[in-house]
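Any value given below was found using the heavy atoms of this structure, including those in side chains, with hydrogens, waters and symmetry copies removed. Protein chains get the first letters and strands the later ones, always in sequence-line order, with residue 1 at the start of each.
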Amino acid sequence: MNKSFDNEMKVEFVSKSSNESFARITVAAFAAQLDPTVEELSDIKTAVSEAVTNSIIHGYENKIGIVKIIAKLEGQKLIIEISDKGKGIEDVEMAKEPLYTTKPNLERSGMGFTIMESFMDSVEIESILGLGTKIKMTKTIKKPNLEEYEKDFTMVTK
Amino acid sequence: MESYFNQDEKLLVFKVSEEIDDYKVPEIRRKADYEIQRYMPKKIIFDFNNVTFMDSAGIGLIIGRYKFANLIGATLELANLTSSIRKIFEMSGILRLVPETELI
Ligand SMILES: Nc1ncnc2c1ncn2[C@@H]1O[C@H](COP(=O)(O)OP(=O)(O)OP(=O)(O)O)[C@@H](O)[C@H]1O
Ligand SMILES: [Mg+2]
């Protein structure tokens, strides 16, 4: 691991749904340093959007609170922590189940955690009722293969 | 989001151009339901050609419109899904009820 490459960012914002796009774009811009593919960037944006939306609509239930995001780079690994000081999750195992939602009347599909788990390498949920929720996700971005790239390049220039 | 209605085919098409998330969905839903009630189509297509982002809010949006379409005897189909958007719909199983279709 190249220590000199390690990096960290932190952002906090008010729990308004109009900030969801700001949040995912900010993390994606930070992660861009690892040279992710378009698809990897899209996966990261979606996972961030899921966790941030959950903090806003479930954690704070549209009351005003602060959502915090910390993102770190360790070598090619991206680590994202998204936390709120909202109401917390009663049953984390249940919450992770596909199609499980406590807000079906709002046309939620209960797929948020399933999407986070499939788009990121790992997802950990820490939650305490009445105190809040923290989601930690990681994703390792493959290094662009320079040899392949150079081979393609010489083929093109020949 | 823009929409057009083809009277001969009783086809209502929504060309979505918003990023589909929890912030934008209420507006899309309001517009879609208004147009569906206005035209009472036989077939509804959501065109994703200009959608650059979608999260799980999009699944809820499509399931909700599917139920509404069912209620009035219309079918619902999705067009021009990108690979990221298709992945999200596939996970939810909704593509079995709301199939993909071609639309230029
Ligand atoms: N930050 C949070 N604070 C409190 N409860 C949460 C939080 N995040 C998730 N939950 C609970 O976990 C459930 C499942 O979350 P998940 O994101 O999978 O589905 P959803 O948000 O209900 O629907 P979707 O994400 O598909 O719109 C939620 O319905 C909610 O009860
Ligand atoms: Mg969710």
Q.
Within the 3.5 Å criterion, strictly below it, is a donor on S42(A) or S84(B) matched to an acceptor on the partner's side chain?
A. yes
Q) Should V25(B) and I62(B) be regarded as members of a common hydrophobic cluster, given that ILVMFWY residues are connected when their side-chain heavy atoms come within less than 4.5 Å of each other, either directly or indirectly? A) yes
Q. Which heavy atom of R29(B) sits nearest a heavy atom of E107(A), and at what distance?
A. NH1-OE1, 2.9 Å
Q. For I94(B), is it the side chain, the backbone, both or neither that has a heavy atom under 4.5 Å from a heavy atom of chain A?
A. neither
Q) Which distance, rounded to the nearest 0.5 Å, do you find between the CE of M111(A) and the CG of D55(B)? A) 12.0 Å
Q. Can you say whether S118(A) sits under 4.5 Å from chain B via the side chain, the backbone, both, or neither, judging by heavy atoms?
A. side chain
(Q) Please check if the number of heavy atoms outside Y34(B) that lie under 6.0 Å from its OH is greater than 12. (A) no
Q) Where is the tightest heavy-atom contact between T114(A) and M91(B), given as atom of each residue plus distance? A) O-SD, 4.2 Å
**Q.** Structural part of D43(A) lying under 4.5 Å from a heavy atom of chain B
**A.** side chain
Q.
Is it true that, when you exclude E12(A) itself, more than 12 heavy atoms of the residues, nucleotides or ligands shown sit nearer than 6.0 Å to its CD?
A. yes
Q: Check whether more than 12 heavy atoms from other residues, nucleotides or ligands sit under 6.0 Å from atom CD of E8(A), and answer yes or no.
A: yes
Q.
Taking the side chain as everything from C-beta on, heavy atoms only, tell me whether I115(A) gets closer than 4.5 Å to I88(B).
A. yes
**Q.** Exercise: identify the closest heavy-atom pair between S21(A) and E19(B)
**A.** CB-OE1, 4.0 Å
Q) Are M120(A) and L41(A) co-members of a hydrophobic cluster defined by side-chain heavy atoms under 4.5 Å apart? A) no
Q | Spacing of S49(A) atom OG and I20(B) atom CD1 [to the nearest 0.5 Å] | A | 11.5 Å
Q | Atom NZ of K139(A) with >12 non-hydrogen neighbours under 6.0 angstrom | A | yes
Q: Tell me, yes or no, whether the heavy-atom count around K15(B) atom NZ, taken from other residues, nucleotides or ligands under 6.0 Å, exceeds 12.
A: yes
(Q) Check this for me: K16(A), atom NZ, are more than 12 non-hydrogen atoms of other residues, nucleotides or ligands nearer than 6.0 Å? (A) no
(Q) Please give me the minimum heavy-atom distance between R108(A) and S56(B), naming the atom from each residue. (A) NH2-OG, 4.3 Å
Q) What are the two closest heavy atoms between M54(B) and T46(A), and how far apart are they? A) O-CG2, 3.9 Å
Q | NZ (K87(B)) with more than 12 external heavy atoms under 6.0 Å | A | yes
Q: Select one option (side chain, backbone, both, neither) describing which atoms of K67(B) are under 4.5 Å from chain A's heavy atoms.
A: neither
**Q.** T53(A), part contacting chain B, at a heavy-atom distance under 4.5 Å
**A.** side chain
Q) At what distance, to the nearest 0.5 angstrom, does CG of D21(B) lie from CD of E20(A)? A) 5.0 Å
Q) Crowded around Y60(A) OH? As in, over 12 foreign heavy atoms under 6.0 Å? A) yes
